[in-house]
Enquirer: 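Provided herewith is a single structure, encoded as structure tokens, for subsequent inquiry.
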Amino acid sequence: MKEIDWPYAHDLYQRITATARVNGTPIGDIRLIDGYALWPRVSQMALSVDFKFFSATKKFSDVRAGYDELRGAPYSFTGFFVGAFVFLVTCIASLVLVMSGRRVVIYGVDKIGGAGGADFRMQGVYEVLAARNIAYVEVLHTILGASFFKHLFSRRRVAIYLEGIDWLYITLRLCRRLFVPREKLSVTGLDAFSTEEQLIATAVIQKYIGAASLFRFRLSFLRFVLRESRVQLVLSIDDTRHYQELMIAARECAIPSYAFQHGQVSPYFVGWLQLNELRTAHADTLVVWNQYWKEELIRLKSAWRDESLLIGGSVKGMDALALKRGSTNTVLLPYEIDAPLGIVRECITNLTRDGVTVLVKLRHDVPTDTQLNQYGVTKEQTVSSLSECPPVVAVIGAYSTFLYDAMMAGIPVGVIMSPLLFADGIVRNRLAIEIDAQEPMRGVRLLSAQSDGVIEDIRVRVAAEPATQTVNAILDKHLI
């Protein structure tokens, strides 16, 4: 399996954004609706899915099947009826929202793991609402399949699913009850690109710009539901892949919206960044963990104005706070989905050669065998929970939010040197020591020698208090 080339994928996205034109209009100037740009609406998906996977081989033939499927039937026989069921649940949840007078809507991703069958990354929001006995309805992005049913019955409550709205749109189009002419898209401005790049750029633009009518249908559906309801507040995870139509609908209904930071932000998080002068479809306010992240978002030119970045703490459970620092010759590496595998494996091999005990923290959402094979370790070299982890001299990784969590726990952190920009902020702000995969022991020695004063300074810079007070203040301000 070829490795993902993130620097190339990011560069390709930037070049397309700078030069591509659709029907003669610069791609960044195309409107979703009046005043809102369409390309920023889809940019995070385009980079983190389409250009990411293309970057592995840089051959369009290796990813072409996914785009050919877009021209076929939108659902399999089974998928159609699953979609119909999701739409039924969506209708029930919409009626609950309108008829019950509930005043809060939560947007999230269809994950479980936190209290009450909720996404653990928004756990603090759910805990405050439960403590205050405030009922809510969720708007969720899901995947049509077994996980949908598993999460629905685990959660034991209905929700409005974006994919349920999509099913209605697609069904109406198939029945020709909803006629939205398929606009012919002429893509130009790609002369300086290679043939393979022209193919992927055209396919991605056709895919996402061509979905504008679907996004507008979502917006119409959500706007109608919100206008018929008594909703006074929208609370959301800061997932900029799918929440835009809900945020626009809330704004058009004069309903304030708040998104809560759930992880690190880097130059690859293009959905968080401002593209041009057109408005971007984001929450009114982004609640960030601390001053450090507010400064980082300003540096990266985020889509939020400075005054719309609210320092409010974290609503996410900080599992890494269970880590302990010790004098043993043990380091912990979190498994990272987009890590440069060759470099990470080299680092692990060389650390083991030098007598360091290397433990890999496994993820629960990736098959264990996949993680073992990619990192080149055995089951005995892993921990599934931090409660199993002995004291460590340092945490080492390529980019993940887990590194920041370790800093908050007072653990020295090393960043494996690679072309990735995910860890750009960590290195730029001198929060961690760079680790050369060829000679990692040098970095480990520096980490083990870090003074308590230096470690505490770093911890204070990145520390995020629980956002309980912030969530309560938001509820007090907006709920009448």
Side-chain angles (χ1 to χ4, degrees), residues 44-45 48-49 74-97 100 102 104-130 134-171 218 221-222 225 231 234-247 259-263 314-319 335 337 362-368 370-371 384-385 401 471:
Q44 192 61 50
M45 286 293 292
S48 63
V49 177
Y75 292 113
S76 64
F77 181 79
T78 302
F80 178 82
F81 288 102
V82 172
F85 181 78
V86 175
F87 174 64
L88 175 62
V89 174
T90 295
C91 289
I92 294 172
S94 300
L95 286 173
V96 169
L97 181 62
S100 68
R102 297 183 186 185
V104 175
V105 163
I106 300 177
Y107 172 79
V109 180
D110 187 12
K111 290 178 178 284
I112 56 176
D119 185 346
F120 77 95
R121 300 171 300 176
M122 287 282 284
Q123 185 167 313
V125 170
Y126 286 96
E127 289 175 346
V128 171
L129 292 174
I134 297 175
Y136 54 85
V137 168
E138 293 151 301
V139 176
L140 299 176
H141 156 62
T142 190
I143 296 175
L144 302 185
S147 63
F148 163 77
F149 292 100
K150 176 184 176 182
H151 295 171
L152 175 65
F153 292 114
S154 174
R155 197 178 288 114
R156 297 182 181 180
R157 57 180 178 269
V158 295
I160 298 172
Y161 291 94
L162 297 179
E163 289 68 24
I165 303 172
D166 296 352
W167 179 89
L168 176 61
Y169 170 85
I170 292 169
T171 301
R218 277 187 189 176
F221 185 101
L222 293 167
V225 172
V231 172
V234 173
L235 304 175
S236 171
I237 192 170
D238 64 332
D239 185 334
T240 65
R241 297 172 300 168
H242 303 286
Y243 79 167
Q244 286 86 347
E245 290 73 47
L246 176 62
M247 297 306 155
F260 293 85
Q261 180 185 358
H262 78 281
S314 172
V315 295
K316 185 184 83 165
M318 294 296 184
D319 189 26
Y335 173 81
I337 292 176
L362 298 177
R363 289 179 63 113
H364 299 294
D365 55 351
V366 177
T368 297
T370 298
Q371 299 180 65
S384 297
S385 169
T401 299
V471 177

Enquirer: Which pair of non-hydrogen atoms, one from Arg155 and one from Lys111, has the smallest distance, and what is that distance?
Expert: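 In this case the closest contact between Arg155 and Lys111 is NH2-O, 3.4 Å.
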
Enquirer: Rounded to the nearest 0.5 Å, how far apart are CZ of Phe87 and OG1 of Thr171?
Expert: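 Interatomic distance, Phe87 CZ to Thr171 OG1, rounded to 0.5 Å: 8.5 Å.
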
Enquirer: What do the steps show when you test Leu129 against Val471 for side chain to side chain contact (heavy atoms under 4.5 Å, CB included), and what is the final call?
Expert: CA-CA 9 Å; Leu129 292 174; Val471 177; 5.8 Å; no

Enquirer: Does His141 have any ring-ring contact (aromatic ring centres under 6.0 Å, His included) partners at least two apart in sequence or in another chain, and if so, which?
Expert: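 Only His242 meet the ring-ring contact (aromatic ring centres under 6.0 Å, His included) criterion with His141.
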
Enquirer: Rounded to the nearest 0.5 Å, how far does CG of Asp119 lie from CD1 of Ile237?
Expert: 5.0 Å

Enquirer: State, with a plain yes or no, whether a side-chain heavy atom of Phe148 is found less than 4.5 Å away from one of Ile143.
Expert: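 A side-chain contact is absent here, since even the closest heavy-atom pair is not under 4.5 Å.
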
Enquirer: Checking Asp238 side chain against His262 main chain: does a donor-acceptor pair fall under 3.5 Å?
Expert: yes

Enquirer: So that I know where these two stand, are Phe221 and Tyr169 an aromatic pair - ring centroids less than 6.0 Å apart?
Expert: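 When the ring centroids of Phe221 and Tyr169 are compared, they turn out to be at least 6.0 Å apart.
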
Enquirer: Please give me the minimum heavy-atom distance between Tyr107 and Ser236, naming the atom from each residue.
Expert: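 That closest heavy-atom pairing would be CD2-OG, 3.3 Å.
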
Enquirer: Check the pair Leu168, Thr90 against side chain to side chain contact (heavy atoms under 4.5 Å, CB included), reporting the backbone distance first and the verdict last.
Expert: CA-CA 10 Å; Leu168 176 61; Thr90 295; over 6 Å; no

Enquirer: Check Phe149, Phe80, Trp167 against Phe85 for a ring pair (Phe, Tyr, Trp, His ring centres under 6.0 Å) and give me the one that passes.
Expert: Phe149

Enquirer: Could you please spell out the steps behind the side chain to side chain contact (heavy atoms under 4.5 Å, CB included) verdict for Leu246 and Leu162?
Expert: CA-CA 10 Å; Leu246 176 62; Leu162 297 179; 5.9 Å; no

Enquirer: Taking atom CZ of Arg241 and atom CD of Gln44, what is their separation to the nearest 0.5 Å?
Expert: 8.0 Å

Enquirer: Would you mind reporting whether Met122 and Ile106 have side-chain heavy atoms less than 4.5 Å apart?
Expert: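 Yes, close enough: below the 4.5 Å cut-off.
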
Enquirer: Kindly give the heavy-atom pair with the smallest separation between Leu144 and Gly83, and that separation in Å.
Expert: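 Minimum heavy-atom separation between Leu144 and Gly83: CD1-CA, 4.2 Å.
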
Enquirer: To the nearest 0.5 angstrom, please state how far the CD1 atom of Ile112 sits from the NE2 atom of His151.
Expert: 4.0 Å

Enquirer: Can you check whether Lys316's main-chain N or O pairs, donor with acceptor, with Arg121's side chain at less than 3.5 Å?
Expert: no

Enquirer: Return the minimal non-hydrogen interatomic distance between Ala159 and Leu140, and the atom names on each side.
Expert: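 That would be CB-CD1, 3.8 Å.
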
Enquirer: For a 4.5 angstrom cut-off between non-hydrogen side-chain atoms, does Val315 reach Val128?
Expert: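 Not touching, per the 4.5 Å side-chain cut-off.
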
Enquirer: Within the side chain of Ser100, is there an N or O that forms a donor-acceptor pair under 3.5 Å with the backbone of Val96?
Expert: yes

Enquirer: Work out which heavy atom in Ala259 is nearest to a heavy atom in Tyr243; give both atom names and the distance.
Expert: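 Smallest interatomic distance, heavy atoms only, reads CB-CE1, 4.3 Å.
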
Enquirer: Run the ring-ring contact (aromatic ring centres under 6.0 Å, His included) test against Phe260 and tell me which residues pass, sequence neighbours left out.
Expert: none

Enquirer: Run the side chain to side chain contact (heavy atoms under 4.5 Å, CB included) check on Leu152 and Tyr161 step by step: do they pass?
Expert: CA-CA 11 Å; Leu152 175 65; Tyr161 291 94; 3.9 Å; yes

Enquirer: Between OH of Tyr335 and CG of Asp365, what distance do you get to the nearest 0.5 Å?
Expert: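 Rounded to the nearest 0.5 Å, the OH-CG separation comes to 9.0 Å.
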
Enquirer: Supply the atom-to-atom distance Met247 CE to Leu222 CG, rounded to the nearest 0.5 angstrom.
Expert: 10.0 Å

Enquirer: With distance as the sole test, does Glu138 use its side chain to make a donor-acceptor pair with the main-chain N or O of Gly108 at under 3.5 Å?
Expert: no

Enquirer: Can you tell me if CD1 on Ile134 sees more than 12 non-hydrogen neighbours from other groups inside 6.0 Å?
Expert: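 Buried by this count: over 12 neighbours within 6.0 Å.
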
Enquirer: Restricting to non-hydrogen atoms, name the atom on Gln371 and the atom on Leu362 that form the minimum distance, rounded to 0.1 Å.
Expert: OE1-CA, 3.3 Å

